[in-house]
Structure formats: structure tokens, C-alpha cells
Amino acid sequence: AESFDGVTAPTLPVGWSSTSTVSTNWATVAGAGSHTAPNHAFVSNLGVVSDIRLSTPVFVPTAASSRLNFRNAYSTEQGFDGGVLEISLNGGAFSDIIGAGGSFISGGYVGSLFSSDNPLSSRSAWHGDSGGYVSTIVDLPTASLNQNTVVRWRFGSDSSIGATGWRIDTVFL
């Protein structure tokens, strides 16, 4: 479980990492906007082409029906900027959680991104304005059972209008 509350902002918890094609990364933020005070993970919705990723530490699902639960709130340029959930098994390439065999129980993607210069163009994603935190529950792919697993939240934006961004909080398996 991770609520991002055991660290001092802007530090990510031990084992969590962020990578980016721009100078901005995911970071913890304290104060308003957290699902559970005091912190949450946040990435800004920039008005430039970006690909910004937040990855969990390696974990091993041990139940055949493992589920990932988290809260996310987003305010992005609708249809142009947004985020997806990806998974990697045993150090392999990341793929979309749905394409890998997972399924959303609640709080899944809201539609496709259609900006040609967004790295996530044409993918189903969270975008627009969630109106606050949404509870997302996803069944992990059966292929993840007893395998070294990493999930990541990946945010992509295009070269035009920015918005507030994307918040992640209260993550647990």
C-alpha cells in the first residue's frame, strides 16, 4: 500500500521512480488536492509534448484474482492530454493494462486521445476533468500471478494548451 504520506514532498517513496522526456517529473505534493493528507503524487499537464512515467517498486501478485486499487484525479486538455496505466512482467516491455489481459472493475479509461503529437495518441486514456478523485479498481492479468510485476502511470501531452494535471493517491494491492 502507498499513500505517499511517509515522505517529505517532493520526494517519491523508496522504490518508486519517475522518468520523463522533459524536465518535469512526477513528485509528491503536500496540501490541498490529496485524497489522504498530507501528500499525493502529481504531474503537471504541460503545454509541450511530454511523456512522463511514475513506476511502482517490483511486487509479486500471489493471488489468482489480484486487484490494484488507487484513487486518481485529473484535469487535462480533453482529448489531447491524458494518462494510462501500464504493466511490465519480469522486466519485460511495458504494455497497456488492458492489452496485457487486465480489466477495469471501476474507474476505467474515459475515451481516446486524438492529438497526433501526443506520445499516447489513439490510446484509450483518462482525460478531461474527473471532477475530483475517482476510485479505480483493476483486475491484474492472470499472467502476473507469481511474477515480478511493475505498474506505471504514464502521462502524455501534446504541444498546445496545458491544464492542471494528474493526481494519484491511496494505491494498494
Side-chain angles (χ1 to χ4, degrees), residues 1-59 68 70-88 91 93-97 107-136 138 149-172:
E2 185 57 63
S3 61
F4 305 100
D5 297 333
V7 296
T8 302
T11 305
L12 291 173
V14 172
W16 287 72
S17 64
S18 180
T19 57
S20 177
T21 59
V22 295
S23 61
T24 298
N25 275 299
W26 283 86
T28 56
V29 175
S34 292
H35 176 254
T36 58
N39 297 337
H40 61 282
F42 175 76
V43 66
S44 293
N45 181 181
L46 306 171
V48 300
V49 175
S50 69
D51 188 350
I52 310 169
R53 298 160 230 101
L54 173 68
S55 299
T56 66
V58 173
F59 63 95
L68 177 70
F70 62 95
R71 298 288 182 136
N72 75 119
Y74 46 89
S75 178
T76 70
E77 184 185 13
Q78 180 144 355
F80 294 91
D81 304 332
V84 298
L85 183 66
E86 297 180 327
I87 190 168
S88 168
F94 279 92
S95 58
D96 189 271
I97 193 73
Y109 299 145
V110 297
S112 294
L113 298 173
F114 47 81
S115 176
S116 62
D117 65 345
N118 183 323
L120 303 176
S121 182
S122 302
R123 289 185 59 179
S124 293
W126 291 287
H127 62 88
D129 191 338
S130 63
Y133 275 95
V134 174
S135 177
T136 298
V138 59
T149 302
V150 174
V151 295
R152 74 178 180 190
W153 291 264
R154 183 175 173 197
F155 184 79
S157 62
D158 68 0
S159 60
S160 65
I161 302 166
T164 304
W166 194 16
R167 303 174 197 284
I168 304 292
D169 207 351
T170 320
V171 178
F172 63 95

Pairs where residues 27-46 contributes a residue and the test salt bridge (charged side-chain N to carboxylate O under 4.0 Å, His left out) is met, not counting sequence neighbours: none
Can you tell me which residue pairs pass the salt bridge (charged side-chain N to carboxylate O under 4.0 Å, His left out) test with a partner in residues 107-127, sequence neighbours excluded? E86-R123, D96-R123
Expected output: side-chain D81 to main-chain D158 donor-acceptor under 3.5 Å: yes
Work out which heavy atom in P10 is nearest to a heavy atom in A27; give both atom names and the distance. O-CB, 3.5 Å
Would you please name every residue forming a side chain to side chain contact (heavy atoms under 4.5 Å, CB included) with A37, sequence neighbours left out? none
F59: which residues meet the ring-ring contact (aromatic ring centres under 6.0 Å, His included) condition with it, sequence neighbours left out? none
Where N39 and D5 come nearest, the two heavy atoms and their spacing: N-OD1, 2.8 Å
Would you mind listing every salt bridge (charged side-chain N to carboxylate O under 4.0 Å, His left out) that reaches into residues 27-39, with sequence neighbours excluded? none
If you take all heavy atoms of P57 and W16, which pair is closest and at what distance? CD-NE1, 3.4 Å
Kindly say whether V150 contributes a backbone atom to a donor-acceptor pair with the side chain of S88 at under 3.5 angstrom? no
Heavy-atom side-chain proximity of L68 to V171 below 4.5 angstrom: yes
Selection residues 38-57 - residue pairs positive for salt bridge (charged side-chain N to carboxylate O under 4.0 Å, His left out), sequence neighbours left out: D51-R53, D51-R154
Can you tell me how far apart CD (Q78) and CD1 (I161) are? Round to the nearest 0.5 Å. 12.5 Å
Minimum-distance pair of heavy atoms, taken over all atoms of T28 and A9: OG1-CA, 3.2 Å
Does the S20 side chain pair with the main chain of V22, one donor and one acceptor, at a distance under 3.5 Å? yes
Could you check, using the six-membered ring where one of them is a Trp, whether F172 and F70 have ring centers closer than 6.0 angstrom? no
Could you list the residues that satisfy side chain to side chain contact (heavy atoms under 4.5 Å, CB included) with S121, not counting sequence neighbours? none
Nearest heavy-atom neighbours spanning H40 and S34: ND1-OG, 2.7 Å
For Y133, the ring-ring contact (aromatic ring centres under 6.0 Å, His included) test, sequence neighbours excluded, returns H35
T149: which residues meet the side-chain hydrogen bond (donor to acceptor under 3.5 Å, both in side chains) condition with it, sequence neighbours left out? none
Specify the closest pair of heavy atoms between S112 and S122, including all atoms of both residues, with the distance to one decimal. OG-O, 4.4 Å
Once side chain to side chain contact (heavy atoms under 4.5 Å, CB included) is applied, do any residues pair with T164, and if so which ones, sequence neighbours excluded? F42, S75, R167
Establish, from distance only, whether the side-chain atoms of N25 and S18 form a donor-acceptor pair under 3.5 Å. yes
Distance from L113 atom CG to N118 atom CG, nearest 0.5 Å? 5.5 Å
Rounded distance [0.5 Å steps], OG1 in T136 versus CZ in R71: 9.0 Å
Value for CD1 (I97) from OH (Y109), rounded to nearest 0.5 Å, stands at 7.5 Å
Between CZ on residue R152 and CD1 on residue I87, distance to nearest 0.5 Å: 11.5 Å
Could I get the full list of side chain to side chain contact (heavy atoms under 4.5 Å, CB included) partners for S130, not counting sequence neighbours? A73, Y74, V134
With side-chain contact (heavy atoms from CB on, under 4.5 Å) as the criterion, how do F4 and D169 come out once you've worked through the C-alpha distance, each side chain's angles and the decisive distance to 0.1 Å? CA-CA 7 Å; F4 305 100; D169 207 351; 4.0 Å; yes
For the side chain of S157 and the backbone of G47, is there at least one donor-acceptor N/O pair under 3.5 Å apart? no
Partner set under side-chain hydrogen bond (donor to acceptor under 3.5 Å, both in side chains) for W166, not counting sequence neighbours: N72
Run the side-chain contact (heavy atoms from CB on, under 4.5 Å) test on V43 and W153 for me, step by step, so that the C-alpha distance in whole Å, both residues' side-chain angles and the decisive distance to 0.1 Å come before the verdict. CA-CA 10 Å; V43 66; W153 291 264; over 6 Å; no
Let me confirm one number: the CD1-CG distance from I168 to L54, rounded to the nearest 0.5 Å. 7.0 Å
